[in-house]
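The structure displayed is predicted, hence computed values, not measured ones. Order of the sequence lines sets the chain letters (A, B, ...), proteins ahead of strands, with each chain counted from 1.
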2 protein chains.
Amino acid sequence: MGDIARAAELEPVPVPARRRRQLTKAESLRLLGGIPFGRVIFIHMTMPAVRPVNHIIDGGAVIIRTHLGAAVLDAIGMVVSYQADAIDLTDHLGWSVILHGYARAVTDPDTVTRYEQLLHPWVHGEMNHVIRIAPEIVTGFELVKDITVTS
Amino acid sequence: MGDIARAAELEPVPVPARRRRQLTKAESLRLLGGIPFGRVIFIHMTMPAVRPVNHIIDGGAVIIRTHLGAAVLDAIGMVVSYQADAIDLTDHLGWSVILHGYARAVTDPDTVTRYEQLLHPWVHGEMNHVIRIAPEIVTGFELVKDITVTS
């Protein structure tokens, strides 16, 4: 590696600020469905709470699994948020999606069985509750290069 | 690439469930300080809200910048959460850190100037507010391989 490359490593060029482009609901749900992991955001004992979790998207809704005693179970019947992003920490390009909807317990045995086959917890331990978040509001943005044409 | 490697790509081996190892407060803050990006979680008009944002850690507190009119400004004086993670979506290894603390506006001009020099927004637009979240509760976990010794 030459001295110039090494110097560039030591003093990296500042990344220019990105432009925020709003995503449509369809774009947001497509991006969310393309990754397996996000964060459920809810109110727990009057405090803002967040839990990272893996998910699948089924029929436009977010499906997650959790365990008995999990704080998020207290949010069933309430509006929660779900957030996912894929933003490169080096070049600051990527996207973020946030949706809001009621958290509902999935209790139909056939549906639970189907989700248990499709959605494998990333963490050891029994995950005997399935939660469905049907989005009522979906927002998202993409960070894109700000190309200003100066003619 | 041989046929076996290609077949493995088409039918990836399921990733085994990981073990969750609790992190100490010191470990959590060190990991959080090692990445530039997280999510502030707050209550906005009685609803759980989340905004992805870039940060620095100063004196053990999370420092973020935002703009006039941002929803998160309504959370100043309230307890908010801040969450960051670095979990590999392929091998399901990594960590997540969550802290809770009061969001406070930074108003001292010299301190604001110092943070403006240290913390460059990733997104275009004026970011004329600095918020400091001093953690009162810090929790974190690491997802590690579950190596069970069977002797």
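Using a 4.5 Å cut-off between heavy atoms, B/His120 does not touch chain A at all. Heavy atoms closer than 4.5 Å to chain A are found in the side chain of B/Ile98, but not in its backbone. Residue contact with chain A, scored on non-hydrogen atoms closer than 4.5 Å, involves the backbone and the side chain of B/Leu89 alike.
The aromatic rings of A/Tyr82 and A/His55 lie perpendicular to each other, with more than 60° between the two planes, well past the 30° mark.
Cluster note: B/Tyr115 groups with B/Ile56, B/Ile63, B/Val106, B/Val112, B/Leu118, B/Leu119, B/Val130 through ILVMFWY side-chain heavy atoms spaced under 4.5 Å, whether in direct contact or through intervening members.
With hydrogens and angles disregarded, no donor-acceptor distance shorter than 3.5 Å links the side chain of B/Asp85 to the backbone of B/Gly94.
Contacts with chain B were tallied for A/Gly125, A/Ser81, A/Pro121; A/Ser81 has the most, counting heavy-atom pairs under 4.5 Å. Interface check for chain A: of the options B/Ser96, B/Pro16, B/Ala75, B/Pro52, the most heavy-atom pairs under 4.5 Å are formed by B/Pro52.
Considering every non-hydrogen atom in both B/His44 and B/Ala49, the closest pair reads CB-CB, 3.8 Å.
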Side-chain donor-acceptor pairs of residues 22-30 of chain B under 3.5 Å, sequence neighbours excluded:
from	atom 1	to	atom 2	distance (Å)
B/Thr24	OG1	B/Glu27	N	3.0
B/Thr24	OG1	B/Glu27	OE1	3.4
B/Glu27	OE1	B/Thr24	N	2.8
B/Glu27	OE2	B/Arg21	NH2	3.3
B/Ser28	OG	B/Thr24	O	2.9

